[in-house]
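This report refers to the structure that appears directly beneath it.
Each chain gets a letter, A, B and so on, in the order the sequences are listed, and its residues count up from 1.
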Amino acid sequence: MAGKTLYDKLWEAHLVKQRDDGTALLYIDRHLLHEVTSPQAFEGLRFAGRKPWRLDANLATPDHNVPTTDRSGPIEDEVSRIQVQTLDDNCDEFGIVEFKMHDQRQGIVHVVGPEQGATLPGMTIVCGDSHTATHGAFGALAHGIGTSEVEHVLATQCLIQKKMKAMLIRVDGKLGAGVTAKDVVLAIIAKIGTAGGTGYAIEFAGDVISSLSMEGRMTICNMAIEAGARAGMVAVDDKTIAYFEGRPYAPKGANWDKAVAYWKTLHSDPDAKFDAVVELNGAEIQPQVSWGTSPEMVVAIDEQLPDPDKENDPVKADGMRRAYEYMGLKPGMKMSDVVPDRVFIGSCTNSRIEDLRAAAAVAKGRKVSPKVKQAMVVPGSGLVKKQAEEEGLHKIFIEAGFEWREPGCSMCLAMNADRLGEGEHCASTSNRNFEGRQGYGGRTHLVSPAMAAAAAVVGHFVDVRSL
Amino acid sequence: MEKFTEFTGIVAPLDRANVDTDLIIPKQFLKSIKRAGFGPNLFDELRYLDEGQPGQDNSKRPINPDFVLNLPRYKGAQVLLARRNFGCGSSREHAPWALTDFGFRTVLAPSFADIFFNNSFKNALLPIVLSEETIDQLFKEVSANEGYRLTIDLANQQIVKPDGTKIPFEVDEFRKHCLLNGLDDIGLTLQDADAIHAYETKRRQEAPWLFDAIK
């Protein structure tokens, strides 16, 4: 019999019941909540007279709607204020632990979970947010769910699931200087397409993935959903274990030793069989920039933008033409021809300390170009912000002309006041370049934090390695 | 959940691939704390010529006359014909809520994003996967025939065309059962409460650190 994949192991460890109809009841260890996708779930519980199955499995924080500017007054936008207040009220009513807006531990739910040790290896983790795949970086089975499933998990601590197929994406070799986890994941999506991982749980492996920090691995798993896969994951190694030492909700004492022994088993067996295998050579990956309106529309910084007339697939060619029209770009251009009106460094993809360090290293001693209207840095959590300030990163950003903000999802999806104007281009470290995502008519270009900072100081997209 | 019954409905063609959930229902409408009322803002950025805001009177907004759902021939459509990777992106269940609130009961496409696909079944919206060729053919027929309707027969897993031709489709047995009977997933799962408790007892022994840390 073939060995087991990491996904097999996580699946089997959480199987409550295999039903005759082909579905399975899967136990959920951790449920993260935020204000946007939970109110209707709590309403459903109330309506049916149900209570949460297990309070200590839940952790909540508001992130999508919170202002990243001054927070001394109430949230100005009334609809946003009501949504955040509703989360507070629901958590108070049902007894769920919440890091409220003024708590220093508040932040983007996918940054907060690992930071607190609320995310741990071997867990099943869900949240009403597609970027829950982030937590798979720690050898966990983590994926996004809709609001009906948020209610289902609250009420039963389980999900009705069917096992996905398993895909292995190996990135071997060594990354060049200035090439980061973000470039790797964009290159992966460009290769397999935004539906390439549909129906799969992806395990990322290979020399490049092992050599990444936990922050880098989170960036990779975060965007598994942009490749169509609900779950992305990376095997546990010493770096994973070291990450959790001393985290508030991580095991302590004898439990720590017991946990570590278990965590060390969380990798695919050498003879495990995958349903699909994709391989990339890390040495060939260049800094990436998205040019279009789908995360698969990506080029290396020095490449020409592709010609839809040369695309054989008519549906794809049609999508490219539509994207060119929306983005105001033309085939054959280079991304270095494009001036970003705004620069956004943040989001659950790239707002952790390592991301801020990488951006600060580029910003240091330079100034945001006068061609750029606004450049902002939004830390992923209050604790990331605090650490960055202890390291003096905020001073580097402020001196260079970047705005230093309070933590939240911010301009990644523009549910709060941070957004693009119509027709504006943005160098963004976020995860989606969909039409209107960062603001009505806004034009998003996905890049790494270093590439975003480089675009900010040079005044057009540029290869960060040339600075 | 409402029972999913057989129906015959007008088909509206949305001829673009990778329709993401941001396009289906833009983020500003996600601030609502309700499940209903998203229909008027379905495909907001395509339907209207201005930027929509929650709570606005949509009847006063400038309509995009070229957008398919604004064409009189597709008024009252219940079947959405779409291209590959429909519903990609965000997990927002507001996407199926907006589609059903508008009046759609089924979406036909060559492929769907996983989370959207799953969310649809929880809301009596039936996503049906058909081959690229079949979808292409349907696009041609819809465009050539005003008032083109399809019958969606879930019980027999078939779509009936106006000329009586039948297109069979696959659907997961459990999901079919839930849709046809309008069953509440939570109620079904709670029938297995003993199995869940038993699992927890065993798990608490094996991995005590997974319990009681957050309080």
Side-chain angles (χ1 to χ4, degrees), chain A residues 16-17 21-23 25 27 29 36-37 39-40 48 55-56 58-59 65 79-80 82-83 86 97 118 120 122-123 128-130 144-148 151-152 155-158 160 162 194-195 198-199 228 230 249 251 255 259 262 294 315-316 318-319 322 413-415 432 434-437 440, chain B residues 15-18 20 22-23 26-28 30-35 45 51 54-55 83-85 88-94 96 111-116 118-119 122-123 132 172-174 177 184-186 188-190 192-193 195-196 198-200 203 206-215:
Chain A
V16 171
K17 190 174 176 182
D21 56 20
T23 61
L25 212 53
Y27 191 80
D29 295 313
V36 181
T37 54
Q40 297 87 351
L55 286 174
D56 66 296
N58 299 284
L59 180 65
N65 281 273
V79 201
S80 287
I82 291 171
Q83 197 164 52
T86 303
V97 173
L120 290 173
M123 278 182 165
D129 191 289
S130 61
I145 54 177
T147 298
S148 293
E151 184 182 340
H152 193 279
T156 70
Q157 213 51 50
C158 289
I160 300 168
K162 264 199 159 174
T194 50
T198 303
R230 279 196 300 167
Y249 296 137
N255 270 345
Y262 172 57
S294 161
V315 176
K316 229 171 163 177
D318 175 60
R322 206 189 294 276
L413 87 168
M415 275 190 79
R432 289 190 175 132
F434 298 153
E435 289 183 21
R437 169 85 178 177
Y440 184 76
Chain B
D15 196 0
R16 57 193 281 168
N18 298 313
D20 58 75
D22 274 81
L23 199 65
K27 69 252 165 203
Q28 62 270 35
L30 273 49
K31 295 179 190 182
S32 165
I33 55 172
K34 302 197 167 66
R35 258 176 199 263
E45 293 181 3
E51 181 181 6
R83 294 288 184 185
R84 68 178 79 142
N85 200 26
C88 61
S90 153
S91 63
R92 59 188 70 165
E93 199 159 317
H94 312 68
S111 60
F112 292 90
D114 287 341
I115 302 179
F116 174 82
N118 195 34
N119 284 343
K122 317 277 184 196
N123 293 282
E132 294 261 2
D172 180 273
E173 267 311 308
F174 173 72
H177 175 72
D184 164 18
D185 273 1
I186 296 178
L188 281 177
T189 299
L190 286 174
D192 283 321
I196 304 171
Y199 173 88
E200 280 180 331
R203 192 72 174 154
E206 295 165 354
W209 64 87
L210 294 174
F211 296 82
D212 302 327
I214 299 178
K215 34 186 178 185

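In plain terms, the two heavy atoms of Phe174(B) and Asp21(A) that are nearest each other are CD1-OD2, 3.0 Å. The minimum heavy-atom distance linking Tyr199(B) with Val16(A) is given by the pair CG-CG2, 3.8 Å.
Taking 4.5 Å as the limit, some side-chain heavy atom of Ile115(B) sits within range of a side-chain heavy atom of Arg230(A). For the pair Lys31(B)/Ile82(A), no side-chain contact is recorded, criterion being any heavy-atom separation below 4.5 Å from C-beta on. You'll find the side chain of Asp192(B) stays beyond 4.5 Å of the side chain of Cys158(A), heavy atoms only. Two residues are said to be in side-chain contact when any heavy atoms from C-beta on lie closer than 4.5 Å; Tyr27(A) and Leu210(B) fail this criterion. Proximity of Ile160(A) to His152(A): side-chain heavy atoms (C-beta onward) are separated by under 4.5 Å at one or more points. Between Leu23(B) and Arg16(B), the closest side-chain pair of non-hydrogen atoms falls below 4.5 Å. Residues Thr156(A) and Leu190(B) have side chains in contact (heavy-atom distance under 4.5 Å, counting atoms from C-beta outward).
Per-residue heavy-atom pair counts under 4.5 Å with chain B were compared for Gly22(A), Ser80(A), Ala118(A), Gly122(A), and the maximum is reached by Ser80(A). Counting heavy-atom pairs closer than 4.5 Å to chain B, the top residue among Val97(A), Thr147(A), Leu413(A) is Thr147(A). Comparing Asp172(B), Leu188(B), Ile214(B), Asn123(B) by how many heavy-atom pairs each has under 4.5 Å with chain A, the most go to Ile214(B). When each of Ala193(B), Ala207(B), Pro96(B), Gly55(B) is scored by its heavy-atom pairs under 4.5 Å with chain A, the top score falls to Ala193(B). Among Pro26(B), Ser90(B), Cys88(B), the residue with the largest count of heavy-atom pairs under 4.5 Å with chain A is Ser90(B). Annotation: maximal heavy-atom pairing with chain B below 4.5 Å, among Ile145(A), Leu55(A), Thr37(A), occurs at Ile145(A). Comparing Met123(A), Arg322(A), Lys17(A) by heavy-atom pairs within less than 4.5 Å of chain B, the highest count is held by Arg322(A). With respect to chain A, the highest number of heavy-atom pairs below 4.5 Å among Lys34(B), Glu51(B), Lys122(B) belongs to Glu51(B).
Only the backbone of Glu206(B) has a heavy atom closer than 4.5 Å to any heavy atom of chain A. In this structure, chain A has heavy atoms under 4.5 Å from both the backbone and the side chain of Lys27(B). For chain B, the nearby parts of Ser148(A) are the backbone and the side chain; heavy atoms of each come within less than 4.5 Å. Interface remark: Ile186(B) contributes backbone and side-chain atoms alike to the contact with chain A (heavy atom separation under 4.5 Å). Proximity to chain A (any heavy atom under 4.5 Å) is restricted, for Asp15(B), to the backbone atoms N, CA, C and O. In this structure, chain A has no heavy atom under 4.5 Å from any part of Ala198(B). For chain A, no part of Phe116(B) is nearby; none of its heavy atoms comes within less than 4.5 Å. With a 4.5 Å cut-off on non-hydrogen atoms, His177(B) does not touch chain A at all. Heavy atoms closer than 4.5 Å to chain B are found in both the backbone and the side chain of Gln40(A). Only the side chain of Asp318(A) comes within less than 4.5 Å of a heavy atom in chain B; its backbone stays farther off. Of the two parts of Asp185(B), the backbone and the side chain both hold a non-hydrogen atom closer than 4.5 Å to a non-hydrogen atom of chain A. When heavy atoms are compared at a cutoff of 4.5 Å, Ala414(A) approaches chain B by way of both its backbone and its side chain. Using a 4.5 Å cut-off between heavy atoms, Met415(A) touches chain B through backbone and side chain atoms alike. For Lys215(B), the part sitting under 4.5 Å from any heavy atom of chain A is the backbone (N, CA, C, O) and nothing else. When heavy atoms are compared at a cutoff of 4.5 Å, Arg437(A) approaches chain B by way of both its backbone and its side chain. Neither the backbone nor the side chain of Gln28(B) has a heavy atom closer than 4.5 Å to any heavy atom of chain A. For Asn118(B), the part sitting under 4.5 Å from any heavy atom of chain A is the side chain, from C-beta outward, and nothing else. Within the 4.5 angstrom heavy-atom criterion, no atom of Ser111(B) approaches chain A. Proximity to chain B (any heavy atom under 4.5 Å) is restricted, for Tyr262(A), to the side chain, taken from C-beta onward.
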### Message
Let's go through Asp20(B) and Glu435(A) carefully: what are the C-alpha distance in whole Å and the side-chain angles of both, what is the deciding distance for side-chain contact (heavy atoms from CB on, under 4.5 Å) to 0.1 Å, and is it a yes or a no?
### Response
CA-CA 9 Å; Asp20(B) 58 75; Glu435(A) 289 183 21; 5.8 Å; no
### Task
Applying side-chain contact (heavy atoms from CB on, under 4.5 Å), run through Val36(A) and Asp129(A) and close with a yes or a no.
CA-CA 9 Å; Val36(A) 181; Asp129(A) 191 289; over 6 Å; no
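Proximity of a side-chain donor or acceptor of Asn85(B) to a complementary backbone N or O of Asn18(B) within less than 3.5 Å is not detected. The backbone N or O of Asn119(B) lies less than 3.5 Å from no partner atom in the side chain of Glu93(B), so there is not a single donor-acceptor pair. Looking at Asp114(B), its side chain does come within 3.5 Å of a backbone N or O of Gly199(A) through a donor-acceptor pair.
Residues meeting the side-chain contact (heavy atoms from CB on, under 4.5 Å) test with Pro39(A), sequence neighbours left out: Gln83(A), Thr86(A), Ile33(B).
For Ser130(A) and Arg432(A), the side-chain atoms include at least one donor-acceptor pair closer than 3.5 Å.
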